[in-house]
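Structure record follows, encoded as structure tokens.
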Amino acid sequence: MTDPTLRTVFAVMLGALVIAFAVMLVLAARPRSGERPLLRYAERCALPVPAASAGDLEARMRRRRLVEAIGALVGISLAAILFAGPLGSEPLYPLAVLFPVFLVSNLIAETVITLREQLFHPRTDTPRLARPRAVGAADYIGPAARALPWIMAALVVAMAVWTTLGAGAPSLHLAAALVSALAVTVCLSIPVWDRAILARSQPATTPLELAWADALRADALNAVRSAAVALCVVAATLSVSVLLSAGDLVGWPLTLVNLAYLVVQRVYPTRGAPVPRGLFPDGIRVPAGSAA
């Protein structure tokens, strides 16, 4: 493709993304927009909706969609600003700019709502549940999924060093180095994110409410790892593309990253998954009439 054609294609791509997330923002702003997402989330988690907290959960789903749409629009706006530079004419612009900016904005949106908001708001005179021990990321995420970001970070470092020895456009070399540094930084920051997420209190008054709080906490822990691994995939693919001077081949790098992202989402679900049984060894007691 010629540079003008590439710029036109990428401009249309950015415009389509802006329209898509603007529509998502408008739909999420509706007062009852959290009802359907809550039902889908409950189905994926295999949890009944607690009758007393259904309103809180619906509001949480609505706010989450709003924050995600706003975060995506901010990220796309930043990518559009960088589009005006030399990278806007490069075939690898989506890998060098659009994907990393989108992933980071999505990570911030996912975790901000977890760190800044309390899920349930029980009355002060209501007894609250407490676990006999402190829980950690290992209670929510399996060992292989916890190890994967570190393996990917090591791969990205190796690829980045290898890429510096190859030929290619200086702007792409710089972009590959920056995306690699960003990916490794997010991987190294995982323990910091974990501590912040796990430090948030869970003011639940029933085992079912506690299970819902755990499901949303698992989402946040997975979101950090999903962004870290996805960034590593983008960085490694970008490095390989620069190293092989494959910048003119737009299709295969984008296809590879999109397929890998689908796999990453399966490994790190952020839209609801069954709560690990280890958190509730005796099961989750749901008294009659307490579920919607």
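Taken to the nearest 0.5 Å, the CE atom of M13 stands 11.0 Å off from the CD1 atom of I76. Distance check, rounded to the nearest 0.5 Å: CZ of R146 to CD1 of I151 gives 12.0 Å. Rounding to the nearest 0.5 Å places CG of L39 at 7.5 Å from CD of E58. Separating the CG atom in L216 from the CG atom in L57 is a distance of 7.0 Å, to the nearest 0.5 Å. Expressed to the nearest 0.5 Å, how far CG of L25 lies from CG of L73 amounts to 6.5 Å. To the nearest 0.5 Å, atom CD of residue E68 and atom CD1 of residue I113 are 8.0 Å apart.
Taking the side chain as every heavy atom from C-beta outward, M159 and S180 never approach each other to under 4.5 Å. When side chains are defined from C-beta on, R271 does not count as touching R40, because their heavy atoms never get closer than 4.5 Å. Counting only heavy atoms from C-beta outward, the side chains of V135 and Y140 approach each other to under 4.5 Å. Residues N258 and F99 are in side-chain contact: their nearest non-hydrogen atoms beyond the backbone lie under 4.5 Å apart. Side-chain atoms of C187 and C232, non-hydrogen and from C-beta on, do get closer than 4.5 Å to each other. With contacts defined as side-chain heavy-atom distances shorter than 4.5 Å, the pair R32/R62 does not qualify.
Under a 3.5 Å cut-off, the side chain of D139 and the backbone N or O of G136 do form a donor-acceptor pair. With R217 contributing its side chain and R200 its backbone, the two residues share a donor-acceptor pair below 3.5 Å. Side-chain atoms of W212 come within 3.5 Å of backbone atoms of P48 as a donor-acceptor pair (strictly under, hydrogens ignored). Between the N222 side chain and the T270 main chain, no donor and acceptor come within less than 3.5 Å of each other. The backbone N or O of D56 lies less than 3.5 Å from no partner atom in the side chain of S53, so there is not a single donor-acceptor pair. Without hydrogens or angle criteria, Y268 side chain to A145 main chain gives a donor-acceptor distance under 3.5 Å. At least one donor-acceptor pair closer than 3.5 Å links the side chain of T237 to the backbone N or O of V233. Of the possible polar contacts, one joining the S189 side chain to the V186 backbone as a donor-acceptor pair under 3.5 Å is found.
When all heavy atoms are compared, the tightest approach of V179 to L231 is CG1-O, 4.5 Å. Of all the heavy atoms in A215 and V275, the pair that sits closest is CB-CG2, 4.0 Å. Of all heavy-atom pairs between V242 and A176, the closest is CG2-CB, 4.5 Å. Closest non-hydrogen pair, A235 versus V156, comes out as CB-CG1, 4.0 Å. Contact between A96 and L238 at its shortest, heavy atoms only, is CA-CD2, 3.9 Å. Pairing each heavy atom of L14 with each of A79, the nearest pair is CD2-CB, 4.4 Å.
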Assess whether side-chain contact (heavy atoms from CB on, under 4.5 Å) is satisfied between L221 and L198, documenting all intermediate values. CA-CA 9 Å; L221 294 171; L198 293 169; 4.2 Å; yes
Please test I197 against V224 for side-chain contact (heavy atoms from CB on, under 4.5 Å), starting from the C-alpha separation and ending with a verdict. CA-CA 10 Å; I197 292 168; V224 179; 4.1 Å; yes
Does the side-chain contact (heavy atoms from CB on, under 4.5 Å) test come out yes or no for S33 and R65, once each step is laid out? CA-CA 9 Å; S33 64; R65 294 183 70 199; 4.0 Å; yes
Report the C-alpha distance between M61 and E35 in whole Å, list the side-chain angles of each, state the deciding distance to 0.1 Å, and finish with yes or no for side-chain contact (heavy atoms from CB on, under 4.5 Å). CA-CA 8 Å; M61 296 297 163; E35 290 182 355; over 6 Å; no
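When hydrophobic clusters are built by joining Ile, Leu, Val, Met, Phe, Trp and Tyr residues whose side-chain heavy atoms come closer than 4.5 Å, directly or via intermediates, V157 is grouped together with W150. No continuous path of ILVMFWY side-chain contacts below 4.5 Å connects V23 to L17, so the two sit in separate hydrophobic clusters. Hydrophobic clustering (side-chain heavy atoms under 4.5 Å, transitive across Ile, Leu, Val, Met, Phe, Trp, Tyr) keeps V184 apart from V192. V112 and V101 fall within a single hydrophobic cluster, where Ile, Leu, Val, Met, Phe, Trp and Tyr are joined by side-chain heavy atoms under 4.5 Å apart, directly or via other members. Neither L259 nor V240 shares a network with the other; the hydrophobic side chains, linked directly or stepwise wherever heavy atoms of I, L, V, M, F, W or Y lie under 4.5 Å apart, form separate groups for each.
With R225 as the fixed residue, the side chain to side chain contact (heavy atoms under 4.5 Å, CB included) test singles out one of V264, L107, I190: I190.
When only modelled atom types and interatomic distance are considered, D219 and Y41 share a side-chain donor-acceptor pair under 3.5 Å.
Annotation: F102 is not in aromatic contact with Y261 [ring centroid separation under 6.0 Å not met].
Aromatic ring pairs are classed by plane angle as parallel below 30°, tilted from 30° to 60° and perpendicular above 60°; the pair F83 and F10 is perpendicular.
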